[in-house]
Amino acid sequence: MRRKVLIEVLIKTGNVVAAMTVGLIIGGLIMQAYGYDALHAYYSLLRHAIGNPLTDPYPLTSTLSLATPLIFTGLAFAVSVRSGLFNIGVENAVYLGALGVVLASGFLKADTPLVLVIGSLMGLSLSILFALVAASLKVFRGVHEVITTIMLNWVAYWLVEYVRVNVFPDLRDPSKTIPVPPSARIPLLVAGTELSVSIIIAIIASLTTYFVLWYTVFGYELRATGINLIAAKYAGIKTSRFMIYSFLLSAVLGGLAGVCEVAGRPPHYSITTGISNLVGLGFDGIAVSLIGLNHPIAVIFASILIGALNSGVRGMQIEARVPFELVRLIQGVIVVSLAMPGVLSTFRKYLSIRRGRMEVVS
Amino acid sequence: MGNTGDTGSDEYLVLMKNIVKIYPDGTIALRGVDFTLRRGEIHGLLGENGAGKTTLMKILAGILKPTSGTIYVVGKKVVFSAAADALKLGIGMVHQNLSLIPSFTVYENIVLGLPRKQLLNARENINKLMSLTGLRVPLDERVEVLPFGVKQKVEILKMLFRNVDVLILDEPTTNLTLTETRELFNMINELKKMGKSVVFITHKLREVMEVADRITVLRKGRVVGEVPRAEANLNLLAQLMVGRNMISATSRETTTAGEELLIVRDLWVLSDLGTWAVRGVSLTVRSGEILGIAGVEGNGQKELVEGLTGLRRVEKGEVIFRGRRINNLPPSELYKLGIAHIPEDRTLMGLILDFTVSENSILSIQRSTSFRGFLNTLVWGRVAEHALSLITKFNITAPSLSSPVKYLSGGNQQRLVVAREISKEPQLIIAAQPTRGLDISATEHIRSLLLDFRKRGKAVLLVSSDLEEILQLSDRVAVMYEGRFVGIKNVSELTEDKLGLMLGGVSD
Amino acid sequence: MSYVLSTIINLLVSTSYAMTPLTLTAVGEITSERAGVVNIGLEGMISVSALVSVAVATQTLNPWLGLLAGVCAGALIGFIHGIISAYGKGAQIISGVGINIFALGFVPYMIIALWGVAGYKQVPEAGRIPRIAGLVSPIFIFCVLIAIATHYILFRTSLGLKIRALGEEPQAADTLGVHVERLQLIATVYGGALAGLAGAFMSLDWLGTITKEIAAGRGFISLALVVFSNWKPSLALLGGALFGSSWALTEWLKVLPGVKGVVPVTIINTLPYIVTLGTVAGVIGRARPPRKSGVPYLRE
């Protein structure tokens, strides 16, 4: 019986590995089809994702720094899945978290660490506010969270664009908002790289999430709500309340990703045109969470994996001239592949049914 | 179908030989079963829960694939890959919970999937068929608004419209009233006259004696007897079915009932559809007694239980527990007051299948201080101790505390639920269908646990559609019919016959 | 007077444009959800098809070939999603999200890979769909027809009966010899093809350009429209007009004297999304989804 549990874990891990392989192969084929050298591209991807840390720490630190926001968004999504929701609103939480810090920078107009504190609070409040809209529509009106959160993503998107264009544009470079003042920035972990203290916050967040989910009554009740709503009600759990908690947790975790991105990533320390430095982080979180089997600790490793792709693709773009968007394409294929557990065995079963059908006719 | 078959015999319309069925989870449902069916015969297939009756017939209807064994129809070997294949050969099955589409009309349900040619004058043909068989159903009504008995007619009509020669009825009387049952039996006899063969799956001895020409008895996946009705009698069949005398090993000692624990006055509860499911029920449960609520499922028992356990709103009436009004208190409060609940469906409500044995052992008592540490943390060490004590005290077979309960057998899952509820040391257990779908040993174990609980001066409100269970366990019995009680009686005044009448809404 | 008239005509015409992709996509999704398969990858399918149709139209300078290519691209993705959902019994929501993420990368990647430009590509005049009387898009007419035809098929034919049975109780249909998986696949491919047509319409007809954000949430608004229309194609036509008019109004507001330059464009842009949220929240109680849509059908 212990074996059954072990086998289940092995199968799930196998599925993830298979899905990643499929993603990389299809990515390679698409590169090859448009005249890029896929092998060369993957080689330079690998070099720029890891490189030789002894001689040049940059590739590895870049991987880790790009993994940081994904840990947050991956956790945010994992929490929602664990509570039985499919919360795509992590994306707007990222925008709004970042927006809070920019707003604080603009309003306070002072170079003080207070900007980070107040900015984070504002950002998280905004993302919580949006999450509450989706949560109450879900709990009181039964509107599916996928629809509401996507609409809210777009509302948040245009709000941030409004602030960038009309409220706090960087007068020297209109493609960005004003930057976060230097003393409100999250310090770098390794000077001369992009790796900041954010990653430590992220890892603490994931350990905390793990602890809360599996070692507290709150986590027990949240997971119970996610797996079996009826049994949870039977167990005296106020399930609607836990759905709301889950939305709030995701909003906070997603918001932190946004805070850490604007306050902790050189060189911009601001939000750029079309929110281009933040767009998609929430969606990447879905991939990260699914690859990490929605487990807070595994999410760290999944984030590093996707972070490595994101980091490597920069080098790939320079050396093999492959557009960096390829990475998201690959992620998409990975997620699609993850949707079909054991598709091969299903097909084999289906084929044998067909063969069986032949015997009847005669 | 030609008769160039490999059996060389046309005596049987259907011949199943040496059928073995092993489910993917390793359960052996059938251990080499032979089954025959003649043309124009009503064949009773008798057995207890889990004997393999339904599995065998699902194989004949093409819904399940046998692990090994062969099926011959009119002497010709066939292999079905889907129910549709069997249907083409004229074999149709009516399931216990039917397979109709609730939002479709009766007409739509009947013609679903037919080739366009047959649709041209389908309505006319259905009308003809209805007058021929006497099965009258409203064609343009949506199925979901019809009572169960009518839905069943629709399902039968659907099969007949496809010209089946073999009609398999799986426990068809479970959800019927007495009158409806009578109608069903008449209809079955009509079909026989039309030359159709009927397989009648049941565990009810009287019914099979009344309607079948020949009876095959299954026990634990084997055929233990095949008797023509002329040679059968109730005692013989009962012994074949159970494998020993009917008199149960668990017997009830008399106790004296004490104070009134639970008083319910004029309770009204709505169903999911917004209609009244419980219409003014009053009852009392005293300490040291088991109050049994019998009744055909769907007469409001589920809503009654949910109303009493805080899972469904009580609209009108009063619920008083140990002198305190507990109307519409949330489940968590009721648990604290000393009410435990063994829910009707362990896989849907009583357990979380993906949670481990340990995790499930504290479901509904997860907030108890005995498992809580600093800052609302769960102290897994203490949870494990609790789970382990349940396992040893209640004889639960589980691979380990950390394996998901979905890997436990049904009997052990239910033991875990009952053990957990008893371990809360409640004053009252509300137990709904506590032994449904369990094998004999698990059933007896759980029944004896409930009796033991009663002996300790506590109370049980038992809701069951199993009459034997009701009569065996209860001190007093109420029968629920269409949301009301048709009398509450001491068990000594009751016989199964009398109870049967009351089930159909007939009180005296 | 003539100003009012021309404004009304303008609004009607722009509504006809704005509603076409929403309605087409919703009608397709209704069909596939009626058959039991939920596809939340519509957003991605719209943008991928928009891109493919531009690629073919700029190459061949034939808008109709471009249109066809867009439809095929949508159908292909629908096919993949259908295989995963119907035959693979996979997780439909996850597959749909994967399609969206894929599109997020695929579209900008291809814009660079094909044309060497980042961001957007204009469709040459010869590659654009001609308009009837210079005003009305032939695809709008087609959209109206297809909504009515789909409604007829779903509710008046035996094929429709089978499709609807799959979303309600596939097991019942299976017993009666309906090919559950095959029909689910066909319905999903149909849904994909219509989403593909919506994408091709947006790039080759309405906007005349392809950008990476071309779908702008329309795939998801279509999902909301499916709910709004209570899974009925005829109502999707009406709801499409309602939702479409909010887009038309948004564009109208942007240039309206007194609003233009006063209310920031970015704020006006939030309007259609807020309207969608409000509408869905208002009607959801009355909507009745197919009972088994989104649930993989597993045999015993």
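So that the names make sense, note that chain A is the first sequence line, chain B the second, and so on, each numbered from 1.
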Would C/Arg288 and B/Glu144 satisfy salt bridge (charged side-chain N to carboxylate O under 4.0 Å, His left out), going step by step from the backbone distance to the final call?
CA-CA 14 Å; C/Arg288 178 177 174 165; B/Glu144 60 196 345; 2.9 Å; yes
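- Each of B/Glu108, B/Lys158, B/Met159 has some count of heavy-atom pairs under 4.5 Å with chain C, and the biggest count is that of B/Glu108.
- Listed by chain and residue number, nothing satisfies the side chain to side chain donor-acceptor pair (under 3.5 Å) test with B/Ser68 (two or more places apart in sequence, or in another chain).
- Within a 6.0 Å radius of CZ in B/Arg162, other residues, nucleotides and ligands contribute more than 12 heavy atoms.
- From B/Ile63, atom CD1 reaches atom CD of C/Gln171 across 7.0 Å, with rounding to the nearest 0.5 Å.
- Contacts between B/Pro102 and chain C at a heavy-atom distance below 4.5 Å involve the side chain alone, from C-beta outward.
- Proximity to chain C (any heavy atom under 4.5 Å) is restricted, for B/Leu100, to the backbone atoms N, CA, C and O.
- Two residues are said to be in side-chain contact when any heavy atoms from C-beta on lie closer than 4.5 Å; C/Arg164 and B/Ile101 fail this criterion.
- Across all non-hydrogen atoms, the minimal contact from C/Leu161 to B/Leu112 is O-CD1, 3.7 Å.
- Within a 6.0 Å radius of OH in B/Tyr107, more than 12 heavy atoms belonging to other residues, nucleotides or ligands are found.
- Expressed to the nearest 0.5 Å, how far CG of B/Leu114 lies from CG of C/Leu176 amounts to 7.5 Å.
- When heavy atoms are compared at a cutoff of 4.5 Å, C/Arg291 approaches chain B solely by way of its side chain, counted from C-beta outward.
- Contact check for C/Thr175 versus B/Met93: no side-chain heavy atoms found under the 4.5 Å cut-off.
- Taking every heavy atom of both residues into account, B/Ser99 and C/Ala172 meet most closely at O-CB, 3.1 Å.
- Atom OH of C/Tyr152 has 12 or fewer neighbouring heavy atoms from other residues, nucleotides or ligands inside a 6.0 Å radius.
- The local environment of NZ in B/Lys220 is sparse, with at most 12 non-hydrogen atoms from other residues, nucleotides or ligands closer than 6.0 Å.
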